[in-house]
Amino acid sequence: MTDFAATKAMFDLPNGTIYLDGNSLGPLPRAAAERVSGMMTHEWGQMLITGWNKAGWMGLPTGLGDRIGRLIGAEPGTIVTGDTLSIKVYQAVASALELCPDRKVVLSDSGNFPSDLYMVDGLLRSLGSEYELRVVAPEDVAENITKDVAVLMLTEVDYRSGRIHDMKALTEQAHANGTITVWDLAHSAGAIPVELSSCKADFAVGCSYKYLNGGPGAPAFIYVAPRHADRVRPALSGWLGHEAPFTFDLDYRPGQGIERMRVGTPPIIQMTALSAAMDIWDMANIMDVRAKSIELTELFISGVEATCPDLKLASPRDPAQRGSQVSFRFADGYAAMQALIARGVIGDFRAPDIMRFGFTPLYIDEQDVNGAVDILADIMTNRLWDAPEYKVRQRVT
Ligand SMILES: Cc1ncc(COP(=O)(O)O)c(C=O)c1O
């Protein structure tokens, strides 16, 4: 059994704060600051450029990939970290399209994170006007997987509502139609158990700054199924994805397997922070995390519904259908969230009216949930959100 008291003690959470936004940015693992400082002093400082070999920096992107892979059911050697998630979406969809050269349609849904749609729109524009990004309602995805769809690109857990798509069923249906799948696991990795290998997913991408706690700007990851890894052509053919980067050939030859999905120089400082975060994940069993997350989200929903009648649940009521976050609709949700943050309960707001709360058992427990409900009830019952200072929109919501 995962010892959640032990994992909680490994995070540096500010006193008096109940942090319900680990679905957006995970908190600081206590060991990360020291690890990064040690890396800077002893490796960068002393080894200088020899650190790429001596300190093993060049192996970090795949080493971290394997550690993340354990949480999402990926085979060893199938994930590489680096770049941002938007970049990895581009890479995955571009390679997936090349596996289906006779088809020109990418199917996605209107619940997808906008950056995924923007990246594909940009990619398709550069490929030609015969390509189409088809966006349907999340509940209509299955019936729209038609024989002309080259790539099905979905975010498994909806960033606003937390609704989970059925990865296994949709992937099976896609394959039956000759369609390649690209799954965005931004709100899945570290939140719910994922079985990439047994679902036969083709490509998957995700970020490491949310539930994995790698820190702001932590690297993204990309998974390519072993059956595709040696034949996909990388659209972002950077030198570190080359078969032999240090021969400096003028012609690009893709590297072995997942190595070809590397692009350029990896962010070693950020990867060092992520490796400290993954040490905590090594102490956790994702099935325990899921069970505890369901307990916490159920407790939160029942507490809020009992005390805040103006808030309407925007997440699926069935815990099996939602990820590790709970969202409520409230017309003045932005102001209410600002009032909550002022009282030390940190969640976030997604336009037009979604108050979003993430539940992360590695460092959130029942006491935190009850404390958050009490403060939210006070703010709603006494209309404490109705103050001008809470209505000023900040750059990041
Ligand atoms: C589902 C999803 N996809 C893509 C992104 C974009 O990620 P990045 O800013 O790392 O490119 C996010 C960011 O939160 C996201 O939630």
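Counting convention: from 1, in listed order, for ligands and their atoms alike.
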Which part of Val89 is near ligand 1, with near meaning a heavy atom under 4.0 Å away: side chain, backbone, both or neither? neither
Quick check on contacts: which atoms of ligand 1 are under 4.0 angstrom from a heavy atom of Ala186? 1 (C), 2 (C), 15 (C), 16 (O)
From CA spacing to verdict: ring-ring contact (aromatic ring centres under 6.0 Å, His included), Tyr223, Phe203: CA-CA 5 Å; Tyr223 163 88; Phe203 294 82; 8.3 Å; no
Could you tell me whether a side-chain N or O of Tyr252 sits under 3.5 Å from a main-chain N or O of Trp239, the two making a donor and an acceptor? no
Please identify which atoms of ligand 1 are closer than 4.0 Å to at least one heavy atom of Asp116. 3 (N), 4 (C)
Atom 14 (O) of ligand 1: nearest protein contact (heavy atom, Å): Lys210 NZ, 2.8 Å
Heavy atom of the protein closest to atom 11 (O) of ligand 1 (residue, atom name, distance): Ser86 OG, 2.6 Å
Report, in ascending order of atom number, the atoms of ligand 1 lying under 4.0 Å from any heavy atom of Thr84. 10 (O), 11 (O)
I'd like to check which ligand 1 atoms, numbered from 1 as shown, lie under 4.0 Å from a non-hydrogen atom of Thr155. 1 (C)
Under 3.5 Å, side chain of Gln91 to main-chain N/O of Met261, donor-acceptor pair present? yes
Do Tyr159 and ligand 1 have an N or O pair less than 3.5 Å apart? no
Indicate whether any N or O donor in one side chain lies under 3.5 Å from an N or O acceptor in the other, for Arg233 and Ser95. no
Between the side chain of Ser24 and the main-chain N/O of Asp21, is any donor-acceptor distance below 3.5 Å? no
Quick check against the 3.5 Å criterion: does His187 have a side-chain atom that pairs as donor or acceptor with the backbone of Tyr159? no
When you compare the side chains of Ser315 and Ser161, does any donor N or O come within less than 3.5 Å of an acceptor on the partner? no
Donor-acceptor pair, side chain of Thr179 and main chain of His175, under 3.5 angstrom: no
Students should be able to answer this: which protein heavy-atom is nearest to atom 9 (O) of ligand 1, and at what distance? Tyr209 OH, 3.5 Å
Of all the non-hydrogen atoms in the protein, which one sits nearest to atom 16 (O) of ligand 1, and at what distance? His187 NE2, 2.8 Å
Quick one: does ligand 1 sit under 4.0 Å from the side chain of Leu85, the backbone, both or neither, non-hydrogen atoms only? both
Would you say ligand 1 has an N or O under 3.5 Å from any N or O of Asp184? yes
